[in-house]
Engineer: 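Got a structure for you, questions after.
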Amino acid sequence: MLSILNLDISNKILLIRSDLNVPLDIKGNITSDIRIRLSLPTIKYALEKKAKIIIASHLGRPTEGIYNPLFSLKKIAIYLEKILKHKVILKKKYLNGCNFEKNEIFLLENVRFNIGEKSNSKKLSKQYASLCDIFVMDAFATSHRMHSSTYGIINFAKQSCAGLLLINEIKNLNKFLKNPEKPIISIVGGSKISTKFNVLKKLSKLSHKVIVGGGIANTLLSLNNDIGHSLYEPNSILLAQEIIKKCKNIILPIDCIVSTSVTNNSLIKNKNVNNILKNEKILDIGYKTINIIKCELQKAKTILWNGPIGVFELKNFRKGTEIIIKAIIHSNAFSIVGGGDTLAAVELFNAFNQISYISTGGGAFLKYIEENKLPVISILENIS
Ligand code: 3PG
């Protein structure tokens with residue numbers, strides 16, 4: 001991919017597509033700024049080179065054509081201005097052009113308010129392209145979406161290139177996919193079960209061992225055990241059977257922390273997986289499983305992790321996730337971690353700077369691991 005570093009961007013108008021889709025609490029406060037922070041190098045580089053900067057992003061999944069303040073990028077504009085110490089103006093109407101007055105940065109209002117964004121409308125793609133001299137794609141986390149502001153625009157922009165974050169993501173994911181030091185241990189967990197089966201199959205092929213936790217482990221365990229009221233995916237039983245049959249290097253929990261309620265004060269028990277009662281839920285891995293995982297991670301030279309393996313948000317059920325984080329940061333392995341909930345766990349345990357590579361991608365991260373390509377990356381590779 002052509003990098004922003006290879007172009008003369010001074011005095012040019014850049015449209016940087018970032019992924020500033022950060023989690024917000026019910027009051028609209030940003031609860032994790034990882035995606036914003038990791039988007040800064042490209043923006044700062046453009047500032048340094050005296051380019052004129054327009055930034056575009058989506059936030060959440062609003063209905064196209066309807067302005068909804070809940071999905072406005074206003075709070076992101078305020079945050080960016082503070083963190084960059086540079087004037088950032090939120091631009092609500094921009095499809096007919098942005099007039100720069102001084103050296104302000106324009107942040108375009110949520111691109112998903114525009115009709116045609118998600119259907120990759122040609123008209124909208126052309127309008128985005130006409131805003132800039134150079135389109136800089138830096139939204140790795142949205143590069144699995146063929147939308148107007150991520151994909152369509154590349155067909156019409158005078159010049160397109162990749163931003164620093166996008167290049168770094170691909171470099172690090174390729175290090176895992178193409179040139180990993182062995183042995184490789186992968187960890188797959190989380191509560192979004194159906195999205196993980198394909199990546200689990202792929203990781204089983206690539207890794208020496210795959211540690212499985214969370215809802216996906218419960219679904220696999222449910223084939224041979226009564227898992228009580230635990231989170232699982234009944235519609236994926238056939239897939240689960242196929243995985244158990246084909247993926248012989250999967251490590252499933254042999255014991256777990258169970259409770260009948262999910263609170264910080266819940267009464268908890270450590271039980272073998274074949275001993276769970278109808279009214280109990282699996283909420284974390286148990287002590288015997290923790291020891292097995294620790295041993296495996298000590299041997300690893302490369303570790304990839306997506307999805308917490310217990311309800312880490314509650315202190316009763318976070319031991320498994322905590323042990324994984326500690327094992328990763330104490331190992332000498334190249335570690336790569338991705339996915340929204342996983343990053344929240346990394347932040348909770350203040351381990352952000354001790355992981356070799358933190359990916360901003362959720363769906364994009366999984367899709368790149370699964371298929372080793374993404375639509376936006378392919379089109380960028382072809383035009384360069
Ligand atoms: C993400 O959060 O994974 C990206 O920002 C993409 O968002 P989407 O799943 O709503 O397209």
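Computed from a prediction, not measured in an experiment: that's the story for all the values here. We count residues from 1, following the sequence as given. We count ligands from 1, going down the list as the structure has it; atoms in each ligand are counted the same way.
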Engineer: Counting only heavy atoms, tell me which of Arg61, Arg35, His147 gets closest to atom 3 (O) of ligand 1.
Structural biologist: Arg35

Engineer: Give a yes or no answer on whether the side chain of Asp284 reaches the backbone of Gly320 with a donor-acceptor pair at less than 3.5 Å.
Structural biologist: yes

Engineer: Would you call the rings of Tyr128 and Tyr94 parallel, tilted or perpendicular if under 30° counts as parallel and over 60° as perpendicular?
Structural biologist: parallel

Engineer: Any side-chain to backbone donor/acceptor pair from Asn218 onto Leu231? Under 3.5 Å, distance only.
Structural biologist: yes

Engineer: Decide if the gap between the ring center of Phe100 and the ring center of Phe106 is smaller than 6.0 angstrom.
Structural biologist: yes

Engineer: Can you name the atoms of ligand 1, numbered from 1 with element, that are less than 4.0 Å from a heavy atom of Arg145?
Structural biologist: 8 (P), 9 (O), 11 (O)

Engineer: I need the nearest protein heavy-atom contact for atom 7 (O) of ligand 1: residue, atom name and distance, please.
Structural biologist: His58 NE2, 3.4 Å

Engineer: Considering the heavy atoms of Asn21, write down every atom of ligand 1 situated less than 4.0 Å from one of them.
Structural biologist: 1 (C), 2 (O), 4 (C), 5 (O), 7 (O)

Engineer: Using a strict 4.0 Å cut-off to heavy atoms of Asp19, name the atoms of ligand 1 that fall inside it.
Structural biologist: 4 (C), 5 (O)

Engineer: Record the part of Arg112 in heavy-atom contact with ligand 1 below 4.0 Å; permitted values are side chain, backbone, both and neither.
Structural biologist: side chain

Engineer: Determine yes or no for a side-chain-to-main-chain donor-acceptor pair under 3.5 angstrom, with Thr150 supplying the side chain and Arg145 the backbone.
Structural biologist: yes

